[in-house]
Amino acid sequence: MHSKPVLLVIAHGSRDPRHAATVHALVRRVRSLRPGLRVETGFLDFNIPSVHGVLEALAAEGVRDVVALPLLLTRAFHAKADIPAVLRDASPRLRIRQAEVLGPSPLLLQALERRLYEAGLTPADKSSTGVVLASAGSTDPEAIAVIADVAREWRHTGWCAVRPAFASASLPRTEDAVRELRERGCERVAVAPYVLAPGFLPDRIARGAAEADVLAKVLGPAPEVARLLLRRYDAARTPMRAAVGA
């Protein structure tokens with residue numbers, strides 16, 4: 001009987017201490033949902049432990065199988081280049097499978113709605129409320145297209161309108177999307193940050209939401225996000241399990 005692969009959650013890292021605190025809160029929630037699973041956290045930059053350091057420690061312990069899960073909402077540069085490069089540098093004693101990024105997923109839409117309701121909206125407000133889906137932004141056209149698709153899909157669940165916005169690299173900015181929804185005639189405008197943890201770009205989103213009626217919190221350790229991490233882990237370990245006969 002083979003033990004379960006270790007889940008290594010790979011976060012971006014930030015100089016903002018709220019970022020790491022939020023990542024650790026999310027990982028604690030994942031552990032609480034599946035007590036028998038070993039979950040480790042590594043950061044690409046700014047914070048410790050580093051991904052490389054965690055992988056070295058696991059290899060030294062004799063761990064064989066690892067599922068590396070990018071704590072990312074879209075498949076942009078970090079998922080396509082940075083993370084695979086770090087994983088390639090790991091000890092050959094480790095069998096590492098990279099899980100899919102978190103988005104898109106219906107669970108993320110549920111988490112976004114949870115945050116809006118926590119900020120004061122109710123389901124009865126949906127048809128009269130326009131929502132700005134505010135993401136960090138990316139230079140990767142695939143990532144931008146995914147955000148636009150998420151906004152379209154979310155609009156079909158009953159909101160007055162949903163507009164994507166970006167804190168960097170792409171347009172429109174949050175404040176411009178807020179203005180557009182006002183002009184469209186939505187009774188109220190809400191900003192839903194499509195980001196996992198606080199930091200520089202989420203703060204920019206918050207400033208852009210100054211004229212909105214409602215600003216939701218970042219997704220952070222929402223229960224839906226924790227469940228999604230486990231779903232991505234399970235999908236990644238299934239072929240691994242077949243390979244090792246577990």
Side-chain angles (χ1 to χ4, degrees), residues 5-34 37-55 58 66-87 90 96-112 114-115 133-138 140 142-143 146-147 150 167-168 192-203 205 217-237:
V6 172
L7 170 56
L8 171 57
V9 176
I10 300 180
H12 185 276
S14 170
R15 290 188 179 90
D16 188 322
R18 296 173 300 167
H19 173 91
T22 302
V23 170
H24 291 310
L26 174 58
V27 168
R28 282 195 298 275
R29 178 156 252 161
V30 172
R31 289 188 184 118
S32 74
L33 289 176
R34 196 169 294 182
L37 177 62
R38 180 173 177 182
V39 189
E40 300 288 345
T41 310
F43 295 90
L44 288 173
D45 213 346
F46 303 117
N47 301 100
I48 53 172
S50 67
V51 176
H52 179 73
V54 174
L55 290 170
L58 290 173
V66 176
V67 170
L69 197 160
L71 200 58
L72 299 167
L73 296 174
T74 57
R75 269 184 50 77
F77 180 78
H78 294 299
K80 294 176 180 177
D82 281 4
I83 292 173
V86 174
L87 299 181
I96 304 172
R97 186 175 292 275
Q98 182 175 330
E100 287 296 325
V101 296
L102 298 180
S105 166
L107 284 169
L108 290 174
L109 292 183
Q110 291 172 31
L112 286 164
R114 168 189 292 277
R115 293 298 188 231
L133 181 70
S135 79
S138 174
D140 187 311
E142 181 189 343
V146 166
I147 301 295
V150 170
S168 69
Y194 192 55
V195 291
L196 287 163
F200 175 73
L201 293 176
D203 284 350
I205 289 170
K217 289 184 175 175
V218 300
L219 294 169
E224 295 84 0
V225 179
R227 279 165 43 214
L228 180 54
L229 262 71
L230 289 170
R231 189 173 289 183
R232 294 289 186 256
Y233 167 82
D234 289 336
R237 73 179 280 250

S.K.: For residues L228 and S105, report the shortest heavy-atom separation together with the two atoms involved.
M.R.: CD1-OG, 3.5 Å

S.K.: List for me each residue that meets salt bridge (Lys or Arg N to Asp or Glu O under 4.0 Å) alongside D203, sequence neighbours excluded, and say none if there are none.
M.R.: R18

S.K.: State, with a plain yes or no, whether a side-chain heavy atom of I83 is found less than 4.5 Å away from one of Q98.
M.R.: yes

S.K.: For R227, what residues pass the salt bridge (Lys or Arg N to Asp or Glu O under 4.0 Å) criterion, not counting sequence neighbours?
M.R.: none

S.K.: Decide yes or no on side chain to side chain contact (heavy atoms under 4.5 Å, CB included) for I10 and L44, but give the supporting numbers first.
M.R.: CA-CA 7 Å; I10 300 180; L44 288 173; 3.9 Å; yes

S.K.: Measure the CG-OG distance between L37 and S32 for me, rounded to the nearest 0.5 Å.
M.R.: 11.5 Å

S.K.: Nearest heavy-atom pair of S14 and N47: which atoms, and what distance?
M.R.: N-OD1, 2.8 Å

S.K.: Keeping the roles fixed (side chain from R115, backbone from A192), state whether a donor-acceptor pair exists under 3.5 Å.
M.R.: no

S.K.: Sequence neighbours left out, what passes side chain to side chain contact (heavy atoms under 4.5 Å, CB included) with T22? Give chain and number order.
M.R.: A197, P198, P221

S.K.: Please evaluate residues L107 and V225 with respect to the criterion side chain to side chain contact (heavy atoms under 4.5 Å, CB included), reporting the C-alpha separation (whole Å), side-chain torsions for both, the decisive distance (0.1 Å), and the verdict.
M.R.: CA-CA 7 Å; L107 284 169; V225 179; over 6 Å; no

S.K.: If we only count heavy atoms from C-beta on, is the H24 to R28 side-chain gap below 4.5 Å?
M.R.: yes

S.K.: Taking it one step at a time, do L108 and Y194 satisfy side chain to side chain contact (heavy atoms under 4.5 Å, CB included)?
M.R.: CA-CA 9 Å; L108 290 174; Y194 192 55; 3.4 Å; yes

S.K.: R34: what forms a side chain to side chain donor-acceptor pair (under 3.5 Å) with it, not counting sequence neighbours?
M.R.: D234

S.K.: Nearest 0.5 angstrom please: I96 CD1 to L8 CG, how far?
M.R.: 8.0 Å

S.K.: Dump the intermediate steps for side chain to side chain contact (heavy atoms under 4.5 Å, CB included) on L72 and L102, then the final yes or no.
M.R.: CA-CA 6 Å; L72 299 167; L102 298 180; over 6 Å; no

S.K.: Which atom names give the shortest non-hydrogen contact between L219 and P193, and what distance separates them?
M.R.: CG-O, 4.1 Å

S.K.: Looking at every non-hydrogen atom in both residues, tell me the closest pair between T74 and A143 and how far apart they are.
M.R.: OG1-CB, 3.6 Å

S.K.: Mind checking salt bridge (Lys or Arg N to Asp or Glu O under 4.0 Å) for R38 and listing every partner two or more places apart, or none if nothing turns up?
M.R.: E40, E61

S.K.: State, with a plain yes or no, whether a side-chain heavy atom of V39 is found less than 4.5 Å away from one of V6.
M.R.: no

S.K.: Output all residues satisfying side chain to side chain contact (heavy atoms under 4.5 Å, CB included) with A11, sequence neighbours left out; order by chain, then residue number.
M.R.: H19, V23, F43, L71

S.K.: Sequence neighbours excluded, which residues qualify as side chain to side chain contact (heavy atoms under 4.5 Å, CB included) partners of P17?
M.R.: none

S.K.: For L69 and Y233, which heavy atoms make the closest approach, and how far apart are they?
M.R.: CD1-N, 4.0 Å

S.K.: Do L133 and I147 have side-chain heavy atoms sitting under 4.5 Å apart?
M.R.: yes

S.K.: Could I get the full list of ring-ring contact (aromatic ring centres under 6.0 Å, His included) partners for H52, not counting sequence neighbours?
M.R.: none

S.K.: Just how far is it from atom CZ of R97 to atom CG of L87, taken to the nearest 0.5 Å?
M.R.: 12.5 Å

S.K.: Which residues pass the side chain to side chain donor-acceptor pair (under 3.5 Å) test with R29, not counting sequence neighbours?
M.R.: none

S.K.: State which residues pass side chain to side chain contact (heavy atoms under 4.5 Å, CB included) with A136; sequence neighbours excluded, sorted by chain then number.
M.R.: V195, L201

S.K.: My understanding is that only residues two or more places apart in sequence, or in another chain, count here; which of them pass side chain to side chain donor-acceptor pair (under 3.5 Å) with E142?
M.R.: K80

S.K.: Please identify each residue that fulfils side chain to side chain donor-acceptor pair (under 3.5 Å) with D82, with sequence neighbours left out.
M.R.: H78

S.K.: Over all heavy atoms of both residues, which pair between R237 and P5 is shortest? Give the atoms and the distance, please.
M.R.: NE-CD, 3.6 Å

